[in-house]
Amino acid sequence: MAHDVHDYVRTKEEYEYVRRQRAQEMRHMLTSFAMMIFLTLIAFTAVAAGFSTYLIVPIILLLAAIQVVLQLYHFMHLSNKGSGTIAFFMFSGMFVAFIVILTFVTIIWW
Amino acid sequence: MSSNAQKSGFGATVWDYITSVDHKKIAILYLMSGGLFFLIGGIEAMMIRIQLMKAGNDFLSAGTYNEVMTMHGTTMIFLAAMPLLLGFMNAIMPLQIGARDVAFPFLNSLGFWLFFFGGIFLNLSWFLGGAPDAGWTNYASLALASESHGIDFYALGLTISGFGTLISGINFLVTIINMRAPGMTYMRMPLFTWTTFVASALILLAFPPLTIAIFFMVFDRLFGSHFFDVAAGGNTIIWEHLFWIFGHPEVYILILPAFGIFSEIFAIFSRKRLFGYTALVFATILIGFYGFMVWAHHMFTVGLGPTANAIFALATMIIAVPTGVKIFNWLLTIWGGSVSFATPMLYAVGFIPSFVAGGVTGVMQAMAPLDYQLHDSYFIVAHFHYVIVGGVVLAIFAATHLYWPKMFGTMLSEKLGKVTFWLFFIGFHLTFFIQHFLGLMGMPRRVYTFGADQGWDLFNAISSAGAVFMALGVIIMLVNVVLTTVKNERVGNDPWGDGRTLEWAIPSPPPFYNFAQTPLVRGLDTYWIEKMEGNKEGMIYAEPLGDIHMPNNSFLPVVMSFGLFVASFGALYHPDDLPWTIPVIVLGLLITFGSMLLRSLKDDLGFHIHKEDLIKDREGVKTDGH
């Protein structure tokens, strides 16, 4: 609408705050990046070690789920303020899709 | 009056409506076309009841009966109930949250026109070689065996109108999340807005499975794939799953807005704040979630095994809990209120016992072992008509009376409204109550006739007599609409006198920009709060009067939808080895994608209503006798 646009200058404190926030965010990103590589290593090792498929498949699916959550929260900024509704809808959708896939796998194709 | 109400010619008015992106005009379009399809579906229902009024009747042949029965169900669900509810959502929801329009006005128009062309396409099947005849559920084995083009009309028509519904659903979600007036927190939203929100979320999650299922069906029937063809390695049960993964949330898409409408009515006509608002909101969300976990209760007799049947049976019974919470909240809203039995309130009070009856038979069917007895009998027919007619249709009629003044600026006659209610209500119970017993006596659903020695004659005759009452009720409602429109007695902002939410704080019908200044919301039942504090203007404002940015009308949504309509004819006749089918598909898609390209390349920045015009407009309103 016809609102005026204000120029905005950050104070020193705000600047420091934002700086700290960004540094922290960067740390989180590096940590989760390291974790993701580690998770991928586990997945490869599990296959290379030649465990039973019935063990490997659930492990890999679990690791994949963890990766998705890390990805969403640390790289796609789902934890940021104002993403609550998005997260709610996304997880609702995932939940519905999960139930559907579970049912199909267990009662149609098993 | 608003500045867009200048006298203009008939053609100009029609053009204005066709190209309109105004949510209030699109609501009227939904109401008119949904009403038209409701009448068509109603005529089909009457044909069914005429055919079944006596044993061995030959009013309809077996094949025609299948077509009429299929089209009755499909039309009533997809082309009547949903569009009518979408119409009320369009008309009222933006006003309730203090918005000037929905988030994407252009998409709103596109959603309507996709639904409209899909509906027309589906109904053209009557004139082009036969309507679909595999029931509204269109189970794959039966549908693939159907020889006429009917099923193709079903699949393609529902694809188009399904896109429209999905677009509308997303539009409402974005609108409610982003466009609430300052101060309107989620927990201050009126219940009709809440149910619109949850129903839209259900549309968002439930329509993709339907689209996939119908796509498979289109490709199986028209382009030689074998998704459902068991002989070629497909699986026919997948259709049933996909259809009901959509189909069960679909019935909640219908009933939740109905719950919302009744919640508004109970509060207005009991002159009381809604009892247990928070519980009602969470019950709504819970029903939305449970709706996705129960679809297999439509398929108990398919042979899913006892474990699956037990899980889905329990999940189904759980839904009765939040629904029961709602029923008790409504009863407690009435309790101790100063109740006025205006027409909408009659419908709301009539709805409670009717819907509870439908809910109780629903829980009976949730018991898988009993369902083996009830499945595909008239008991099922009675059950879903009790929830859909006793819930959704009563809500649509109630909303028609309640919101008619807000949409058209004139009150429907109370006297005729009450006549309609009683005729329809008595007719409804007469028609469907007895069908429970027909089901228990063994009459299967979807049969075109029955024998004189089966003992179903009397009950079927009574059921058909009830249908006549319902038809009379609808006719009197149409008479009411015509008389009211001819009389044209204008009403003020709050014609019921006890409006609680923001839509009653602005003129009826509202000016095309809805709110000259965005309101500031200070609590639940915004308008009621302001009224009680003696605020003559009905609201306080969140911003100074300023220019308002509005979108331009556009003809492109009609063209886009028409392109898909054309392409569907090409796809429909594709298996007949005709030379023109591929070119027609290409032509149709070119029209659609060409107009999408045009929309993307050509900037349409809309226009501004200037402050001076708003002031002039407002003074016009004040001197207009308000």
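Chain identifiers are assigned alphabetically (A, B, ...) following the order of the sequence lines, protein sequences preceding nucleic acid strands; residue numbering begins at 1 within each chain.
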### B:Ile177 versus chain A, the contacting section by heavy-atom distance below 4.5 Å
side chain
### Query
How about B:Tyr186 and A:Thr85: do any of their side-chain heavy atoms sit closer than 4.5 Å?
yes
#### Entry: Under 4.5 Å from a heavy atom of chain A, the part of B:Leu173 involved
side chain
### Query
Nearest 0.5 Å, what's the OG1-CE distance between A:Thr103 and B:Met293?
11.0 Å
### Query
Does OH in A:Tyr17 sit with more than 12 non-hydrogen atoms of other residues, nucleotides or ligands closer than 6.0 Å?
no
#### Entry: side chain to side chain contact (heavy atoms under 4.5 Å, CB included) between B:Ile245 and A:Phe104, worked out
CA-CA 11 Å; B:Ile245 288 169; A:Phe104 271 50; 3.8 Å; yes
### Message
Suppose a student defines contact as a heavy atom less than 4.5 Å from any heavy atom of chain B. Which residues in residues 86-102 of chain A would they list?
### Response
A:Phe88, A:Phe89, A:Ser92, A:Gly93, A:Phe95, A:Val96, A:Ile99, A:Val100
### Task
Count the heavy atoms of every other residue, nucleotide or ligand shown that sit under 6.0 Å from CZ of A:Phe75, and state whether that count exceeds 12.
yes
### Query
Is it true that atom CZ of B:Phe215 has more than 12 heavy atoms of other residues, nucleotides or ligands lying nearer than 6.0 Å?
no
### Query
Hey, is CZ on A:Phe44 packed in by over 12 heavy atoms from elsewhere, all under 6.0 Å?
no
